[in-house]
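All figures in this text were calculated on a predicted structure; none of them were measured in a lab. Residue numbers start at 1 and run along the sequence shown.
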Amino acid sequence: YMDNGWYEITIIVDDGDTITEETFEVEVFNVAPTIDDVMFDKLGDEGDTISFNAIVSDASPSDNVVVTWTFPDGSIVDSPFAQYTFTDDGEFIVMVTASDEDGGESSEQIMVTVQNIAPVFTKFVMPSTGQKGEALDSSIGASDPGDDTITYSFDFGDGTSPLTTQDGGNITHKFTDSGSFTIVICAKDEDGGETCRTE
């Protein structure tokens, strides 16, 4: 039986003189579709778009099987193939469900591990010379592929306390002594990813 439902069976017995006939019904139950394989990258970086592909089958070739993906933010995609962008690091559960038109359903949970990526400097404007006591302006910018807050730190190498800011990396500093100073600027995200530059 290639599909579920009620089927009528008739048995006829004929011995050449007499014909006997009897009819009865058989109920065939639906079998849920199966998820044969799920293909995806188990490891990715924040900001990456990861592709998912499911291969499913059903005992009845006439049944229409719908594949549904449920992603961590609650978004749903109905297709054997789906893509999702992970905007932060962590371990995330993705649910894939195969449903047929007769109410049969199978589900499977898969886990994706997303790694943190350190910020990358996109703007770096600093004076290379100045006068003692002069207010020197610097403008530093960075981007992060994840949904992270970036904190900037400045060590001016002149013995003053390092400066930390989230204000787009715009700072002013005065050197009270003349000389050459090694300045270390770092952009750090909330998950510990850090990129530093020395000037």
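Looking only at side-chain heavy atoms (C-beta outward), V13 and E21 stay at 4.5 Å or farther from each other. Side-chain contact between T164 and Y152 is absent, with no heavy atoms from C-beta onward closer than 4.5 Å. Put simply, the side chain of F156 does not reach to within 4.5 Å of the side chain of I185, judged on heavy atoms. Residues I19 and I12 form a side-chain contact, since some pair of their non-hydrogen atoms from C-beta on lies under 4.5 Å apart. Within the 4.5 Å cutoff, the side chain of T97 has heavy atoms near those of the E105 side chain. At a threshold of 4.5 Å between non-hydrogen side-chain atoms, the residues T160 and H173 count as touching. Using a 4.5 Å cut-off on side-chain heavy atoms (C-beta onward), K188 and T195 make no contact. Side-chain atoms of I35 and V96, non-hydrogen and from C-beta on, do get closer than 4.5 Å to each other.
Judged purely by distance below 3.5 Å, without hydrogens or angles, the side chains of D58 and S60 never pair a donor atom with an acceptor atom.
Scored by the side chain to side chain donor-acceptor pair (under 3.5 Å) test, T172 finds D137 as partners (sequence neighbours excluded). Remark: Q83 engages S51 in a side chain to side chain donor-acceptor pair (under 3.5 Å) (not counting sequence neighbours). Residues forming a side chain to side chain donor-acceptor pair (under 3.5 Å) with T151 (at least two apart in sequence, or on another chain): Q166. Residues passing the side chain to side chain contact (heavy atoms under 4.5 Å, CB included) test with T18 are D15, T20, sequence neighbours excluded. D36 is linked by a side chain to side chain donor-acceptor pair (under 3.5 Å) to T34, S57, counting only residues two or more places apart in sequence or in another chain. Under the salt bridge (Lys or Arg N to Asp or Glu O under 4.0 Å) criterion, E199 pairs with R197, sequence neighbours left out. For F181, the ring pair (Phe, Tyr, Trp, His ring centres under 6.0 Å) partners two or more places apart in sequence, or in a different chain, are F175.
For residues 86-118, the pairs satisfying ring pair (Phe, Tyr, Trp, His ring centres under 6.0 Å) are Y84-F86, F86-F92, with sequence neighbours left out. Residue pairs that meet the ring pair (Phe, Tyr, Trp, His ring centres under 6.0 Å) test with at least one member in residues 119-149, sequence neighbours left out, are F121-F124. Each side chain to side chain donor-acceptor pair (under 3.5 Å) pair with one or both residues in residues 110-125, not counting sequence neighbours, appears once here: D45-Q115, N116-D189, K123-S139.
D144 CG to D88 CG: the interatomic distance, rounded to the nearest 0.5 Å, is 8.5 Å. The distance from atom CG of D100 to atom CG of D63, rounded to the nearest 0.5 Å, is 4.5 Å. How far NZ of K132 is from OG1 of T176: 8.0 Å, rounded to the nearest 0.5 Å.
The local environment of CD in E25 is crowded, with over 12 non-hydrogen atoms from other residues, nucleotides or ligands closer than 6.0 Å. Other residues, nucleotides and ligands contribute at most 12 non-hydrogen atoms within 6.0 Å of the CD atom of Q131.
The hydrophobic cluster containing I171 also contains I150, counting ILVMFWY residues as joined when their side-chain heavy atoms lie under 4.5 angstrom apart, directly or transitively.
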Show me the donor-acceptor pairs within less than 3.5 Å that the side chains of residues 71-82 make with the rest of the protein, sequence neighbours left out.
from : atom 1 : to  : atom 2 : distance (Å)
D73  : OD1    : S75 : N      : 3.0
D73  : OD1    : S75 : OG     : 2.7
D78  : OD1    : T68 : OG1    : 2.7
S79  : OG     : F81 : N      : 3.2
S79  : OG     : F81 : O      : 3.0

Can you give each donor-acceptor pair under 3.5 Å made by side-chain atoms of residues 2-11, sequence neighbours left out, with the distance rounded to 0.1 Å?
from : atom 1 : to  : atom 2 : distance (Å)
Y7   : OH     : D3  : O      : 2.7
T10  : OG1    : T23 : OG1    : 3.1

Begin with the C-alpha distance, continue with both residues' side-chain angles, and end with the deciding distance and a verdict on side chain to side chain contact (heavy atoms under 4.5 Å, CB included) for F154 and I140.
CA-CA 10 Å; F154 300 82; I140 311 299; 3.7 Å; yes

Taking it one step at a time, do M39 and D37 satisfy side chain to side chain contact (heavy atoms under 4.5 Å, CB included)?
CA-CA 6 Å; M39 293 167 285; D37 194 14; 3.8 Å; yes

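Proximity of a side-chain donor or acceptor of D155 to a complementary backbone N or O of G157 within less than 3.5 Å is detected.
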